[in-house]
Structures are given as structure tokens and as C-alpha cells.
J.: 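Sending over a structure as C-alpha cells; questions will come in a sec.
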Amino acid sequence: MELSANAKINLTLDILRRREDGYHDLQMVMQAVTLADTLTVTPAQGAEGQAVSDLHFLPTGDKNLAQMAAAAFREAAGLGGEVDVSIQKHIPVCAGLAGGSADAAAVLIAMNRLTGAGLSPAGLAKIGERVGSDVPFCVLGGTALAEGRGELLTPLSSLPPCHIVICKPPFSISTPQLFGRVNVRKIVRRPDTAGVIAALDAGDLAGVARRMYNVFEDVLERRRSAEINEIKAALIDCGALGASMSGSGPSVFGLFDSRDSAQNACARLRETYRDVFLCAPAR
């Protein structure tokens with residue numbers, strides 16, 4: 001079975017409080033996009049399933065999120081055997097775009113179909129919580145408010161049709177280190193989450209774009225922050241209605257109402273960066 005595994009962007013990312021279990025309560029407006037990996041899921045040829053991809057450095061066994069998802073499905077549903085997963089990567093890794101979580105979600109959907117288990121999307125999302133905080137959203141897709149660790153999802157009105165330019169600079173950012181630098185009581189700038197939700201309800205793309213923000217941007221190392229801001233400025237200069245960092249970064253995206261402007265932004269950014277993508281909202 002062949003499936004697409006859609007990336008996500010964070011229209012907003014806010015950190016509300018540190019929990020007693022050491023995690024943080026988050027509030028995020030998340031959006032699936034058409035940038036996607038392609039997965040092929042088949043019954044395993046050997047005793048244990050393998051996940052292989054066109055990126056040699058990704059793990060192939062039970063450390064791979066796709067195989068973790070398969071194991072979680074078998075345990076929860078009591079159905080299905082070992083599977084082999086072939087992944088054609090298009091979503092950059094360690095990019096704040098939930099590429100691994102998207103692959104895991106696609107495996108859950110594939111196994112549900114292959115076994116005839118008939119689990120609902122909400123049921124699959126519940127299984128996905130065992131694999132990673134972004135997996136439930138990647139199962140459901142569309143536009144949603146994500147709370148808790150990201151697993152508590154409320155569907156929202158769809159992002160209006162637009163063009164999305166994503167640029168990943170050539171470095172990674174440690175999510176645990178970013179959380180370690182966050183002092184919730186000292187957060188000064190926050191996204192207007194309620195305003196973004198109201199703008200989505202109104203179909204107001206510009207209203208969404210000007211209210212986007214990611215609080216992680218304020219705790220980046222200085223040199224990383226400078227490069228993120230340069231990319232955001234380039235997107236705005238090319239006509240983006242708004243730009244922000246996605247997840248824990250380093251990917252930056254801009255929302256455009258003009259395809260020509262979005263294409264110009266891609267061309268400009270590709271003069272400096274390899275990983276630049278033009279995509280759209282995925283429903």
C-alpha cells in the first residue's frame with residue numbers, strides 16, 4: 001500500500017506552563033501541508049520488519065518511528081504482522097516539520113486498512129500518542145488547535161487557499177535544549193492564538209498571517225536567531241503576508257496570496273539554501 005505522509009507547519013506555537021511530569025503544556029495552531037514523504041507498506045519479508053529510506057543515516061529497525069507505529073498498532077489492535085516500510089523522503093529531517101511523525105501516522109493508516117481493523121481516525125490518533133506528540137495531528141491532518149503536549153486536538157476552520165514557501169537552513173536545533181532555555185514566566189511575545197482562530201473562521205488569510213508567532217524564536221542562540229530572521233525578512237520582502245518558524249525549527253515558512261510572489265521567493269532563497277519548497281495547505 002502506498003500513501004503520502006504530509007508535513008505540518010505551526011501557524012502558532014505558545015508554551016503555557018511547565019507540568020509536574022517535566023513536560024510543557026502547549027497551545028498551537030497546526031496546519032498540514034502538501035509537502036509529503038511517500039511510503040510503501042508491505043508484509044515483512046523477514047522475521048522482523050524494516051524501515052528503509054533513501055537517506056542512509058535514518059534508523060531501519062525498531063528505533064524508526066514508522067516501525068514504532070507498526071508495533072503500537074499491533075499491540076493496541078491485536079491485529080497485523082510485521083511490515084516492511086519503504087520511505088521516499090521529501091520532508092527534511094530535524095526540521096520542525098514533523099517528518100518522522102508523518103511517516104508514523106501513515107503507517108498507522110496503512111495498517112488499519114490492510115488489516116481491516118476499521119479503527120476511526122480518532123482511534124488511530126490515540127494509538128499515535130504512544131509514538132510521538134505530533135503523530136495524532138499527522139493522523140488527522142487539516143487545521144487544528146493542539147494542546148497538552150500536542151495530542152489534544154480540536155479541528156478548526158481550514159486555512160484559506162494560499163501558497164506556502166518553506167525554507168530549511170542547513171543546521172538542526174535541539175528541541176530538548178530549546179525547552180530547557182524557556183522560562184514561561186519571562187515569555188514576553190506570544191502569538192495571538194484566539195485571533196488566528198477567529199481569522200480562520202472568517203476566511204481571512206492576511207489576518208492569520210499577521211498574528212502568527214512561535215515563542216521558540218525568542219530562545220534561539222543568537223547566530224541561529226539571526227539566520228531565521230534573515231529568512232523571514234526575505235519572505236516578507238518577496239510578498240509574504242506573514243512568516244514564522246515551524247515547531248522547534250529551523251524551518252521557516254511564509255504565507256502568500258500570489259503564486260508569482262511565492263515562486264519569486266523560492267528562486268531568491270534557492271540562491272542560498274538547498275531545501276526550499278513551494279506547497280499548499282493540505283485538507
Side-chain angles (χ1 to χ4, degrees), residues 1-8 21-24 26 30 35-115 117 119 123-141 146 148-151 168 170-180 246-251 275:
M1 178 173 290
E2 185 174 288
L3 301 93
S4 291
N6 294 93
K8 64 83 183 171
D21 61 6
Y23 291 99
H24 290 78
L26 307 176
M30 301 173 74
L35 173 62
D37 293 340
T38 301
L39 275 73
T40 304
V41 182
T42 57
Q45 297 301 305
E48 296 184 356
Q50 295 287 307
V52 298
S53 78
D54 49 2
L55 298 180
H56 70 278
F57 54 83
L58 293 181
T60 59
D62 59 6
K63 299 296 184 183
N64 186 285
L65 286 181
Q67 285 297 334
M68 291 171 62
F73 181 90
R74 289 192 297 270
E75 181 180 349
L79 294 170
E82 297 281 345
V83 292
D84 289 332
V85 183
S86 175
I87 307 172
Q88 185 177 3
K89 292 294 295 180
H90 301 288
I91 305 170
V93 300
C94 300
L97 300 173
S101 295
D103 296 342
V107 169
L108 292 175
I109 293 167
M111 293 191 71
N112 193 41
R113 294 175 183 172
L114 289 169
T115 62
L119 297 176
L124 291 178
K126 191 68 176 177
I127 297 173
E129 289 180 30
R130 308 182 188 185
V131 184
S133 298
D134 285 338
V135 177
F137 172 77
C138 291
V139 169
L140 299 174
R149 291 173 56 190
E151 81 283 5
K168 180 195 174 292
F171 56 83
S172 60
I173 296 174
S174 167
T175 301
Q177 286 183 11
L178 275 188
F179 273 114
S246 183
S248 57
S251 294
D275 292 326

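None of the values given here were measured: they were computed from a predicted structure.
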J.: Going through the distances and angles, do Asn64 and Val85 end up as a side chain to side chain contact (heavy atoms under 4.5 Å, CB included)?
T.: CA-CA 10 Å; Asn64 186 285; Val85 183; over 6 Å; no
J.: Filter on side chain to side chain donor-acceptor pair (under 3.5 Å), then keep only pairs touching residues 84-93, sequence neighbours left out; what's left?
T.: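 As it turns out, the side chain to side chain donor-acceptor pair (under 3.5 Å) pairs with a partner in residues 84-93, which skip direct neighbours, are Asp37-Lys89, Lys89-Asp103.
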J.: Have a look at Asn112 and tell me which of Val139, Leu124, Ile127 forms a side chain to side chain contact (heavy atoms under 4.5 Å, CB included) with it.
T.: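 So the option named by the test is Leu124.
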J.: Are any non-hydrogen side-chain atoms of Pro136 and Lys126 less than 4.5 angstrom apart?
T.: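 Of all side-chain heavy-atom pairs linking Lys126 with Pro136, none is under 4.5 Å.
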J.: Applying ring-ring contact (aromatic ring centres under 6.0 Å, His included), name anything that partners Tyr23, two or more places apart in sequence or on another chain.
T.: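 Once residues adjacent in sequence are excluded, Tyr23 has no partner under the ring-ring contact (aromatic ring centres under 6.0 Å, His included) criterion.
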J.: For Ser4 and Ala106, which heavy atoms make the closest approach, and how far apart are they?
T.: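 Ser4 and Ala106 have their closest heavy atoms at O-CB, 4.4 Å.
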J.: Locate the shortest heavy-atom distance separating Leu65 from Ser101; write the atom from each residue and the value.
T.: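 Closest heavy-atom pair between Leu65 and Ser101: CD1-N, 3.8 Å.
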J.: Taking C-beta and beyond as the side chain, do Leu108 and Val135 meet within less than 4.5 Å on heavy atoms?
T.: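 Yes. Closest side-chain heavy atoms under 4.5 Å.
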J.: Taking all non-hydrogen atoms of both residues, which atom of Met111 and which atom of Gly80 are closest, and how far apart?
T.: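 Scanning both residues completely, I find the closest heavy atoms to be CE-CA, 4.5 Å.
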J.: Looking at every heavy atom in both Ala72 and Val131, which two are closest together, and how far apart are they?
T.: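 So the minimum-distance heavy-atom pair works out to CB-CG2, 4.0 Å.
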J.: Any side-chain heavy atom of Pro92 sitting closer than 4.5 Å to one from Leu35?
T.: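 When only atoms from C-beta onward are counted, Leu35 and Pro92 do touch, with a gap below 4.5 Å.
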J.: Residues in side-chain hydrogen bond (donor to acceptor under 3.5 Å, both in side chains) with Glu129, at least two apart?
T.: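 Glu129 satisfies side-chain hydrogen bond (donor to acceptor under 3.5 Å, both in side chains) with no residue once adjacent residues are dropped.
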J.: For Gly96, does its backbone N or O pair with a side-chain atom of Ser246 as donor and acceptor, under 3.5 Å?
T.: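 The answer is yes, because a donor-acceptor pair under 3.5 Å joins these two groups.
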J.: So which heavy atom on Ala95 is nearest to which on Lys168, and how close?
T.: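 Taking Ala95 first and Lys168 second, the nearest heavy atoms are CB-CD, 3.7 Å.
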J.: Roughly how far, to the nearest 0.5 Å, is NE2 of His24 from CZ of Phe179?
T.: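 One finds 6.5 Å between CZ of Phe179 and NE2 of His24.
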J.: Rounded to the nearest 0.5 Å, how far apart are CG of Asp21 and CZ of Arg149?
T.: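 Taking CG in Asp21 and CZ in Arg149, the distance rounds to 7.0 Å.
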J.: Checking Ser248 now: which residues fulfil side-chain hydrogen bond (donor to acceptor under 3.5 Å, both in side chains) with it, not counting sequence neighbours?
T.: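 Testing Ser248 for side-chain hydrogen bond (donor to acceptor under 3.5 Å, both in side chains), a comparison that skips the adjacent residues, returns Thr175.
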J.: Which value, rounded to the nearest 0.5 Å, describes the distance between Leu79 atom CG and Leu119 atom CG?
T.: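 Those atoms lie 8.0 Å apart.
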J.: Report the distance from atom CG of Leu97 to atom SG of Cys138, rounding to the nearest 0.5 Å.
T.: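 Rounded to the nearest 0.5 Å, the CG-SG separation comes out at 10.0 Å.
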J.: Considering only residues two or more places apart or on different chains, which pairs with a residue in residues 55-74 satisfy salt bridge (charged side-chain N to carboxylate O under 4.0 Å, His left out)?
T.: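 As it turns out, the salt bridge (charged side-chain N to carboxylate O under 4.0 Å, His left out) pairs with a partner in residues 55-74, which skip direct neighbours, are Arg74-Glu82.
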J.: Closest heavy-atom contact between Phe137 and Lys8?
T.: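 Between these two residues, the closest heavy atoms are CE2-CB, 3.6 Å.
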J.: Once rounded to the nearest 0.5 Å, what's the spacing between atom OG1 of Thr115 and atom CZ of Phe73?
T.: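 CZ of Phe73 is found 3.5 Å from OG1 of Thr115.
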J.: In Å and rounded to the nearest 0.5 Å, what is the CZ to SG distance from Phe171 to Cys94?
T.: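 Going from the CZ atom of Phe171 to the SG atom of Cys94 covers 12.5 Å.
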J.: Using atom types as modelled, flag every donor-acceptor pair under 3.5 Å from a side chain in residues 41-52 to any protein atom, sequence neighbours excluded.
T.:
| residue | atom | partner | partner atom | Å |
| --- | --- | --- | --- | --- |
| Gln45 | NE2 | Pro43 | O | 3.4 |
| Gln50 | OE1 | Thr60 | OG1 | 3.1 |

